[in-house]
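Because the structure is predicted, anything quoted here is derived from the model rather than measured. Counting from 1, the numbers follow the sequence of the chain as shown.
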Amino acid sequence: VLGIYGFIFFQEVHDLSTYQAMIEFEDEASEITNTEVFSYFELGENSFAISIKQIKEIAKAEEPSFIPQSPDHFRGAINLRGSVFSVIDLARYFGFRKVVPDKTGDSNYLLVLDSQTSSVAIELESVPKNIELDPEQINSSNINDIISNRQMLRCVQGILNFDGRVISILDVEEICDSFNLMLNSN
């Protein structure tokens, strides 16, 4: 178990009801404190967070299967407990310098995102941390003034300051839709 409320690595615990119970626990805690739990991670010098309600799971990364003629930020596909997921290098997609190595290492993890239309996995160099944030503090009005990267701008639903860092809150629906649209056009 990791973080404030934690994530369970499903390679160790295969009980989805336990994960669901954690999300329900987080919902009950949020009703009391008006906060929501987000999974926080960094890509290079940039900080990001995603609501844990939009995360299907966190798993130890395995080397994805290469797909020829795919975009540069598409790492390949993996089979995770019978489900196939596209693995994306979000840093490359946003145009950052290379953050995650081309080869999957022992310390890499997959953050499997779940949208209404599809699921994708983003590869991270370390386990994301869980943090509690007040959704009321998320500012979506001046994103254009802060983010100039077109790809990133499309995928960020808001920003906020937390412990002296500017954190971009990612829109999982937009990430999944943008990525699947790009894959289908290739």
Side-chain angles (χ1 to χ4, degrees), residues 1-3 5-27 36-43 46 48-94 96 99-100 102 104 107-131 151-158 167-186:
V1 178
L2 304 170
Y5 296 112
F7 280 106
I8 293 177
F9 283 89
F10 290 100
Q11 293 166 325
E12 297 169 11
V13 179
H14 296 279
D15 183 4
L16 292 176
S17 62
T18 304
Y19 181 70
Q20 193 61 37
M22 286 189 309
I23 291 175
E24 289 169 10
F25 176 75
E26 186 269 329
D27 287 342
E36 188 174 333
V37 178
F38 286 77
S39 190
Y40 164 83
F41 58 95
E42 293 180 352
L43 295 174
N46 300 281
F48 298 95
I50 298 173
S51 170
I52 66 165
K53 294 176 185 177
Q54 297 177 299
I55 298 172
K56 187 170 187 165
E57 68 181 282
I58 297 174
K60 193 83 171 128
E62 53 188 69
E63 190 65 37
S65 299
F66 176 72
I67 308 293
Q69 299 178 349
S70 57
D72 188 40
H73 58 272
F74 180 63
R75 297 269 292 123
I78 59 158
N79 184 334
L80 199 57
R81 281 173 290 296
S83 297
V84 176
F85 297 100
S86 298
V87 178
I88 61 173
D89 182 338
L90 202 57
R92 274 192 183 168
Y93 181 66
F94 289 158
F96 301 157
V99 176
V100 178
D102 285 329
T104 300
S107 63
N108 292 19
Y109 294 88
L110 296 174
L111 189 63
V112 181
L113 308 179
D114 197 21
S115 79
Q116 293 178 1
T117 56
S118 64
S119 296
V120 298
I122 43 179
E123 192 171 25
L124 304 174
E125 284 192 308
S126 61
V127 178
K129 298 172 181 71
N130 289 348
I131 57 176
Q151 241 81 325
M152 190 172 152
L153 184 61
R154 214 179 4 236
C155 297
V156 171
Q157 68 183 27
I167 299 177
S168 299
I169 307 299
L170 294 175
D171 183 342
V172 170
E173 294 294 326
E174 189 60 42
I175 290 171
C176 292
D177 290 348
S178 295
F179 184 70
N180 286 322
L181 192 80
M182 192 173 296
L183 269 184
N184 291 331
S185 67
N186 281 341

Enter the distance from [X]:[atom1] to [Y]:[atom2] here, rounded to the nearest 0.5 Å.
X: N108; Y: R75; atom1: CG; atom2: CZ; answer: 7.5 Å
X: E125; Y: E42; atom1: CD; atom2: CD; answer: 11.0 Å
X: E62; Y: L80; atom1: CD; atom2: CG; answer: 6.0 Å
X: S83; Y: I78; atom1: OG; atom2: CD1; answer: 9.5 Å
X: L124; Y: L90; atom1: CG; atom2: CG; answer: 8.5 Å
X: I88; Y: F94; atom1: CD1; atom2: CZ; answer: 7.5 Å

Please assess I122 against L43 for the test side chain to side chain contact (heavy atoms under 4.5 Å, CB included), listing each intermediate value before the final yes or no.
CA-CA 11 Å; I122 43 179; L43 295 174; over 6 Å; no

Which heavy atom in [X] sits nearest to a heavy atom in [Y], and how many Å separate them?
X: I67; Y: S70; value: O-OG, 2.7 Å
X: P128; Y: L111; value: CG-CD1, 4.1 Å
X: V172; Y: D114; value: CG1-O, 3.8 Å
X: E123; Y: V87; value: CB-CG1, 4.2 Å

Heavy-atom donor-acceptor pair, E174 side chain to V156 backbone, under 3.5 Å
no

side-chain hydrogen bond (donor to acceptor under 3.5 Å, both in side chains) with N79: which residues, sequence neighbours excluded?
none

Go through Y40 and I131 one step at a time and tell me if the side chain to side chain contact (heavy atoms under 4.5 Å, CB included) criterion holds.
CA-CA 7 Å; Y40 164 83; I131 57 176; 3.7 Å; yes

For F38, the ring pair (Phe, Tyr, Trp, His ring centres under 6.0 Å) test, sequence neighbours excluded, returns none

What pairs with F41 under ring pair (Phe, Tyr, Trp, His ring centres under 6.0 Å), at least two apart in sequence or on another chain?
F48

Run the numbers on N130 and S39 for side chain to side chain contact (heavy atoms under 4.5 Å, CB included), then give the verdict.
CA-CA 5 Å; N130 289 348; S39 190; 4.0 Å; yes

Show the numbers, then the answer: is there a side chain to side chain contact (heavy atoms under 4.5 Å, CB included) between L170 and L113?
CA-CA 11 Å; L170 294 175; L113 308 179; over 6 Å; no

